[in-house]
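Below, chain A is the first sequence line, B the second, and so on; all start at residue 1.
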Protein chains: 2
Amino acid sequence: MTHQTVGHPARPGLPDDPLADVTEPDPSCPVEITLAALRGRWTTLVIRELLRGDRGYTDLRRALPALSDKVLSERLAQLAQAGVVERRRLPGWPPRTCYTLTAHGRGLAPVLQALWDWGAAGE
Amino acid sequence: MTHQTVGHPARPGLPDDPLADVTEPDPSCPVEITLAALRGRWTTLVIRELLRGDRGYTDLRRALPALSDKVLSERLAQLAQAGVVERRRLPGWPPRTCYTLTAHGRGLAPVLQALWDWGAAGE
DNA sequence: CTGAATCCCTGCCGATACTG
DNA sequence: CAGTATCGGCAGGGATTCAG
C-alpha cells in the first residue's frame, strides 16, 4: 500500500504535507508531477490504449489514426521518461517494439477514473 | 449520487462508456473536461487556496505573490466558466469580490488527491 | 517497421501599463 | 480594490521528410 490517504484531519481533501503549502508552481510537487506525466494532447488516449494491454508502435497508430508519428514518438518518450511505460524491443525482423505500462503506470488507472468521474458528473 | 463507479467489469480502471472509445482528442470526453478545468500554470494552486476557504482577490494575490494580475484574472474567469468557482461581489466601498468553490468545484478535492497520491508514490 | 529531425504556426504565459 | 489591454517570447503540436 503505497498511496491513498495519508490522513489529513484539518485539511479536507488536501494532503498534510509541507509541499501542499508551496506558493508558486513547483515541478517537485506531486500534483504537478502527475499533471506533467499526463500533459499534452493525446497523452491520456495513449495511456488508455496501453491500459487495455501491451501494444506495438503500429498497434497504437492504428488505434489512434489521427495521431502523427512525431507526436506519438514524443508521447512514448515522455511516458517512458516519467516511468509510466516501458519499451521492449523484440528480436527478429521486421523490427518491433512492445510498449507496456509499468506498475507505476498502471497506477494511473484510478487517477484517470477520478478525472473521468468529475468530468462526467459535472456541470 | 451523481458519479463514481458506473461498473466496468471487463475494463479494469476504465469506465464502461462509449466515450471511452474515442479515437482522437474530444473536448466532450470527461477526462478532457477535467483536464481542461485544471489546465494552465497556477490553476491547481488557486483551487487549493479556495479549498481552504473563501478568498478575496487580494487574499489570493497575497497567498500566491508571484502570480500576476493578468493570470489570476484569467484563471478565475476560466474556473468560473468551468463551474468550479463562483464570484460574489460584496456591496460597499472599496469594491470587494469573494471567490467560493461551487459544490462541483469542491468535488475536485478527490481528483487533486488522486493526482497527489500518484505523484507522491512514484519514481 | 520504428522512430528522429526539421519547419512552421498557433496559443499560452508573463511584464507592463491603464480603467472603473 | 479589482480587474482589462497590449505586446513579446517561448513551448506545444502537426505535416513532412529522412534514417536504422
May I have the distance from [X] (atom [atom1]) to [N] (atom [atom2]), rounded to whole angstrom?
X	N	atom1	atom2	answer
L76(A)	dG3(C)	CG	P	7 Å
R87(A)	dC1(C)	CZ	C1'	13 Å
L60(B)	dG3(D)	CG	C1'	13 Å
L79(B)	dG3(D)	CG	P	13 Å

(Q) Between D21(A) and R52(B), does any side-chain N to carboxylate O distance fall below 4.0 Å? (A)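 Salt bridge present between D21(A) and R52(B).
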
Q) Is a side-chain N or O of T34(B) found less than 3.5 angstrom from the main chain of G119(A), in a donor-acceptor match? A)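 Checked: pair present.
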
Q.
Can you tell me which nucleotide in dC1(C), dG3(C), dG3(D) comes closest to the side chain of Y57(B)?
A.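 The closest nucleotide is dG3(D).
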
(Q) For a quick check under 3.5 Å, do T43(B) and R75(B) share a side-chain donor-acceptor pair by atom type? (A)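 Yes, side-chain donor-acceptor contact under 3.5 Å.
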
Q) Quick one: do the D69(B) and Y57(B) side chains pair a donor with an acceptor below 3.5 Å? A)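 Side chains of D69(B) and Y57(B): pair found under 3.5 Å.
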
Q: To the nearest 0.5 angstrom, please state how far the CG atom of L64(B) sits from the CG atom of L45(B).
A: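 One finds 6.0 Å between CG of L64(B) and CG of L45(B).
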
(Q) Return a single string for nucleotides 11-20 of chain D, one symbol per nucleotide in 5' to 3' order, where B is base contact, S is sugar-phosphate-only contact and - is none, cutoff 4.0 angstrom on heavy atoms. (A) --BBB----B

Q) Contact class for T97(A) (heavy atom, under 4.0 Å): base, sugar-phosphate, or nothing? A)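 Contact class for T97(A): sugar-phosphate only.
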
Q. What does R61(A) touch in the nucleic acid at a heavy-atom separation under 4.0 angstrom: a base, only the sugar-phosphate, or nothing?
A.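 Nothing, no heavy atom under 4.0 Å.
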
